[in-house]
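Just so you know, residue 1 is the first one in the sequence shown, and it goes up from there.
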Amino acid sequence: MADELYAVAGLKFFIGGELAPDKEDMEATDFSSIVWKEVDGWETMGAIGDNYALITASLINRGRDVKMKGTANAGQMQNQFAILAGDAGQLALIAASKSRKNYAFKIEFNDTPSTGSAPTPSMKYFVGMVMSAQEQGGNANTARMLSSTIEINSNIVDVAAAAGS
């Protein structure tokens, strides 16, 4: 069986309303009542997913450091958007950057099954704080950009693509 590759082109990024992270891991049902706004003009997708703190013990009798994994940190996602004046998603992202609250986020992938009664693409959900929504320029032949950093404050919830019933 050959591996199938999926392009990043066609992915969609959404912001929802305020959502506090659970003490336990979030689940897809935690995001079921969210009203989503697509953030249009998404040009560059940042990284998401856990990385772990490094714990080091310098053991005298071994003459060597022993390393262990510590707590998980879902990291920060740095995205770039071409500025589109009046886009509801970009305006929501900018407004969220002025708040200390956590917000719901969704990434919708481009892997919708070609068959089935109600096919849906895979999705990733998470909660995070919008730390910045800054305008930036470039050279004469680039669009003005909105650069946004999201500190992810929950696990990443993966929902597989489905063909429907």
Side-chain angles (χ1 to χ4, degrees), residues 5-55 69-113 118-138 142-164:
L5 299 176
Y6 295 97
V8 174
L11 273 61
K12 295 179 180 180
F13 185 75
F14 297 84
I15 184 171
E18 293 177 12
L19 183 63
D22 283 343
K23 291 180 183 177
E24 303 295 325
D25 279 349
M26 303 291 288
E27 298 176 359
T29 56
D30 296 322
F31 297 88
S32 61
S33 64
I34 300 293
V35 175
W36 299 103
K37 291 180 184 171
E38 182 178 358
V39 185
D40 199 5
W42 197 19
E43 184 179 271
T44 305
M45 176 182 172
I48 60 173
D50 286 341
N51 66 54
Y52 295 85
L54 175 64
I55 300 170
K69 277 186 175 180
T71 56
N73 181 334
Q76 68 176 207
M77 184 181 198
Q78 297 178 341
N79 295 304
Q80 304 285 328
F81 303 90
I83 292 177
L84 301 170
D87 176 67
Q90 288 189 12
L91 294 173
L93 196 64
I94 292 165
S97 74
K98 296 174 180 158
S99 169
R100 294 181 179 271
K101 302 284 186 176
N102 283 279
Y103 289 80
F105 292 92
K106 173 175 79 167
I107 299 171
E108 185 176 293
F109 288 80
N110 57 357
D111 57 354
T112 304
T120 57
S122 61
M123 296 182 206
K124 291 188 183 290
Y125 297 103
F126 59 93
V127 173
M129 297 177 293
V130 181
M131 302 303 287
S132 65
Q134 301 171 313
E135 287 191 38
Q136 71 180 55
T142 59
R144 288 177 34 221
M145 301 299 291
L146 178 66
S147 178
S148 179
T149 300
I150 300 164
E151 285 291 340
I152 301 172
N153 215 6
S154 74
N155 58 303
I156 307 297
V157 177
D158 291 306
V159 177

Task: Which residues share a side chain to side chain donor-acceptor pair (under 3.5 Å) with Asp22, sequence neighbours left out - done: none
Task: Step-by-step side-chain contact (heavy atoms from CB on, under 4.5 Å) determination, Leu146 to Ile94 - done: CA-CA 9 Å; Leu146 178 66; Ile94 292 165; 4.2 Å; yes
Task: Value rounded to 0.5 Å, distance of CD in Glu151 from CE in Met131 - done: 5.5 Å
Ignoring hydrogens and angles, tell me if any N or O in the side chain of [X] forms a donor-acceptor pair with the backbone of [Y] under 3.5 Å.
| X | Y | answer |
| --- | --- | --- |
| Asn73 | Asn51 | no |
| Asn110 | Leu11 | no |
| Glu135 | Arg144 | no |
| Gln78 | Thr44 | no |
| Ser148 | Ser132 | yes |
| Asn102 | Val127 | no |
| Glu38 | Gly89 | no |

Task: Of Tyr103, Phe126, Tyr125, the residue whose pairing with Phe31 passes ring pair (Phe, Tyr, Trp, His ring centres under 6.0 Å) - done: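 Only one of Tyr103, Phe126, Tyr125 forms a ring pair (Phe, Tyr, Trp, His ring centres under 6.0 Å) with Phe31, namely Tyr125.
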Open item on the list: By the definition ring pair (Phe, Tyr, Trp, His ring centres under 6.0 Å), identify the one residue from Phe109, Trp42, Trp36 that meets it with Phe13.
Closed with: Trp42
- [ ] Scan Ile152, Leu19, Val130 and name whichever one has a side chain to side chain contact (heavy atoms under 4.5 Å, CB included) with Phe105.
- [x] Val130
Open item on the list: Testing the 3.5 Å rule here: is there a donor-acceptor pair between the side chains of Gln136 and Gln134?
Closed with: no
Task: Nearest non-hydrogen partners of Met26 and Val157, listed with the distance - done: O-CG2, 3.4 Å
TODO: Not counting sequence neighbours, which residues clear side-chain contact (heavy atoms from CB on, under 4.5 Å) with Ala95? List them please.
DONE: none
Task: Verdict with supporting geometry, Phe14 and Ile34, side-chain contact (heavy atoms from CB on, under 4.5 Å) - done: CA-CA 11 Å; Phe14 297 84; Ile34 300 293; over 6 Å; no
